[in-house]
Amino acid sequence: MDIPRIFNITESAHRIHNPFTPEKFATLGEALRLEPETRVLDLGSGSGEMLCTWARDYGISGTGIDMSQLFSEQAKLRAEQLGVADRVEFIHGDAAGYVADEKVGVAACVGATWIGGGVAGTIELLAKSLRTGGIILIGEPYWLRLPPSEEVAKGCGAGSISDFLMLPDLIASFGDLDYDVVEMVLANQDGWDRYEAAKWLTMRRWLEENPHDDFAKEVRAKLTSEPKRYAAHTREYLGWGVFAVMGR
Ligand code: SAH
């Protein structure tokens, strides 16, 4: 079981697989006023940076589930590196339908809401693991500016304009689900650059090391087109943030 190989190639050097920076995760952890020993569940935990740094900085304990074998292994290594391997656990697997045995104080899905079939379904899934009074975290894109055409939306990696909302509408959508938005930390263009531009050097190095790989043609085409696509589309039109919500 694994995610499509292209992500394991382009994001192999990433610690954070979304437009957040280490500073943004620290800001989010502080904003949530995490108490030591809080249990955190993270569906689509990637290389584990959020759980590992929060375990180090705020004394939380956590479980992450991720479908990428590579990212899950990197998460375990990161936990050892930061000296928190006794507090965080990483499971390689499909997080769809995953419910924690023991209820958690924070249940998160940061940039992988397809796991629950969208924002509403993911909130419903996370709620099953949440203790009363707990906080749900959703990391999700939104439109900074509405794309003028479906073509531009596709250039941003969206299936269509309707895949994402403008920020006020995304915030209102949590209310429609009977949740209060109690905090939010938003990414910015520097964070987007770290996420997207870091893939380019990774692709270039990978191509140099794997010129005869079956994937070399695809990676070459991506490296050629990605910088311009990103600058013209994602960087201009797409926002991203983590929203902390609590049931009313
Ligand atoms: N939350 C992480 C990773 C976000 S990227 C971070 O902030 O860095 C999305 C992640 O979802 C990837 O790590 C990918 O491997 C994982 N993923 C995709 N489909 C999944 C599924 N069905 N179950 C678990 N993880 C999944």
Side-chain angles (χ1 to χ4, degrees), residues 1-3 8 11-113 115-116 122-123 125-139 182-185 187 191 194-195 241-246:
M1 180 198 298
D2 215 323
I3 58 170
N8 284 323
E11 297 188 30
S12 61
H14 284 54
R15 273 202 185 125
I16 299 172
H17 304 267
N18 67 53
F20 254 24
T21 55
E23 293 75 26
K24 292 281 181 184
F25 268 130
T27 300
L28 178 62
E30 208 178 306
L32 296 175
R33 305 170 205 172
L34 295 166
E35 302 276 345
E37 312 301 331
T38 302
R39 270 192 302 280
V40 182
L41 173 69
D42 191 10
L43 303 187
S45 43
S47 300
E49 194 67 4
M50 182 178 85
L51 287 182
C52 290
T53 55
W54 285 2
R56 178 194 62 192
D57 300 338
Y58 305 111
I60 60 105
S61 64
T63 302
I65 296 102
D66 199 280
M67 205 149 92
S68 163
Q69 183 152 8
L70 175 70
F71 301 167
S72 304
E73 281 164 15
Q74 289 180 164
K76 287 179 194 165
L77 289 174
R78 186 68 173 146
E80 281 167 29
Q81 196 179 47
L82 297 189
V84 295
D86 57 334
R87 314 188 66 88
V88 293
E89 167 194 34
F90 292 100
I91 301 167
H92 172 229
D94 189 345
Y98 186 91
V99 178
D101 295 336
E102 229 182 319
K103 300 252 183 202
V104 300
V106 176
C109 181
V110 177
T113 52
I115 286 172
T122 299
I123 289 180
L125 172 61
L126 292 170
K128 293 180 184 165
S129 298
L130 199 67
R131 69 162 170 74
T132 310
I135 291 178
I136 288 179
L137 298 180
I138 294 287
V182 297
E183 256 296 358
M184 71 176 184
V185 177
R194 284 309 81 234
Y195 178 46
V242 178
F243 303 87
V245 303
M246 295 174 78

**Study point:** Shortest non-hydrogen contact from V99 toward S129
**Key:** CA-OG, 3.4 Å
Revision key, fill the gap. In short, L51 meets G64 closest at the heavy-atom pair CD1-N, 3.6 Å
Practice item. Look at the side chain of R56 and the backbone N and O of G83, then say whether any donor-acceptor pair between them is shorter than 3.5 Å. Key: no
Practice item. Kindly compute the distance separating CG (N18) from CD (E11), expressed to the nearest 0.5 Å. Key: 9.0 Å
**Study point:** side-chain hydrogen bond (donor to acceptor under 3.5 Å, both in side chains) pairs, two or more places apart, involving residues 21-31
**Key:** T21-E23
**Study point:** Between CG on residue L43 and OH on residue Y98, distance to nearest 0.5 Å
**Key:** 8.5 Å
Check your understanding: Within the distance-only criterion (no hydrogens, no angle test), does the side chain of Y58 pair as donor or acceptor with the backbone N or O of A26 below 3.5 angstrom?
Key -> yes
**Study point:** Sidechain-backbone polar pair: T63 side chain, E89 backbone, donor-acceptor under 3.5 Å
**Key:** no
Review point. Parallel under 30°, tilted from 30 to 60°, perpendicular over 60°: which one fits the rings of H14 and H17?
Key: parallel
Exercise for review: Kindly give the heavy-atom pair with the smallest separation between T113 and T122, and that separation in Å.
Suggested key: O-OG1, 2.8 Å
Review point. In Å, rounded to the nearest 0.5 Å, how long is the span from CD of Q69 to CE of M1?
Key: 10.0 Å
Check your understanding: In Å, rounded to the nearest 0.5 Å, how long is the span from CG of D94 to CD1 of I65?
Key -> 10.0 Å
Practice item. Heavy atoms only: give me the nearest L126-A108 pair and the separation to one decimal. Key: CD2-O, 3.7 Å
Practice item. Determine, step by step, whether V40 and L137 satisfy the side chain to side chain contact (heavy atoms under 4.5 Å, CB included) criterion, reporting the C-alpha distance in whole Å, the side-chain angles of both residues, the deciding distance to 0.1 Å, and the verdict. Key: CA-CA 10 Å; V40 182; L137 298 180; 5.9 Å; no
Review point. What is the distance from atom NZ of K76 to atom CD of Q81, rounded to the nearest 0.5 Å?
Key: 16.0 Å
Exercise for review: Check side-chain hydrogen bond (donor to acceptor under 3.5 Å, both in side chains) between D2 and all other residues, then give those that pass, not counting sequence neighbours.
Suggested key: N8
Practice item. In sequence, state the C-alpha distance, the side-chain angles, and the governing distance for V106 and D42, and then conclude on side chain to side chain contact (heavy atoms under 4.5 Å, CB included). Key: CA-CA 8 Å; V106 176; D42 191 10; over 6 Å; no
Point to revise | Gap between atom CD1 of I115 and atom SG of C109 - 0.5 Å precision | key: 4.5 Å
Check your understanding: Quick check: does any side chain N or O of R15 sit under 3.5 Å from a backbone N or O of S47, one acting as donor and the other as acceptor?
Key -> no
Study note, to complete from the structure: Minimal heavy-atom distance between G44 and A95, with the atoms involved, is N-CB, 4.4 Å
Review point. What heavy-atom pair brings F90 and S72 nearest, and what distance separates the two atoms?
Key: CB-O, 4.3 Å
Practice item. For the pair H92 (side chain) and E73 (backbone), establish whether a donor and an acceptor sit closer than 3.5 Å, ignoring hydrogens and angles. Key: no
Review point. With side chains defined as the heavy atoms from C-beta onward, is the minimum distance between I135 and V245 less than 4.5 Å?
Key: no
**Study point:** Donor-acceptor contact present, side-chain D66 to main-chain G46, <3.5 Å
**Key:** yes
Review point. Of V110, I123, V242, which is the lone residue that meets side-chain contact (heavy atoms from CB on, under 4.5 Å) with I138?
Key: I123
**Study point:** Non-hydrogen side-chain atoms of W54 and L28 separated by less than 4.5 Å
**Key:** yes
Exercise for review: May I ask you to decide if I60's main-chain N or O and R87's side chain share a donor-acceptor pair within less than 3.5 Å?
Suggested key: yes
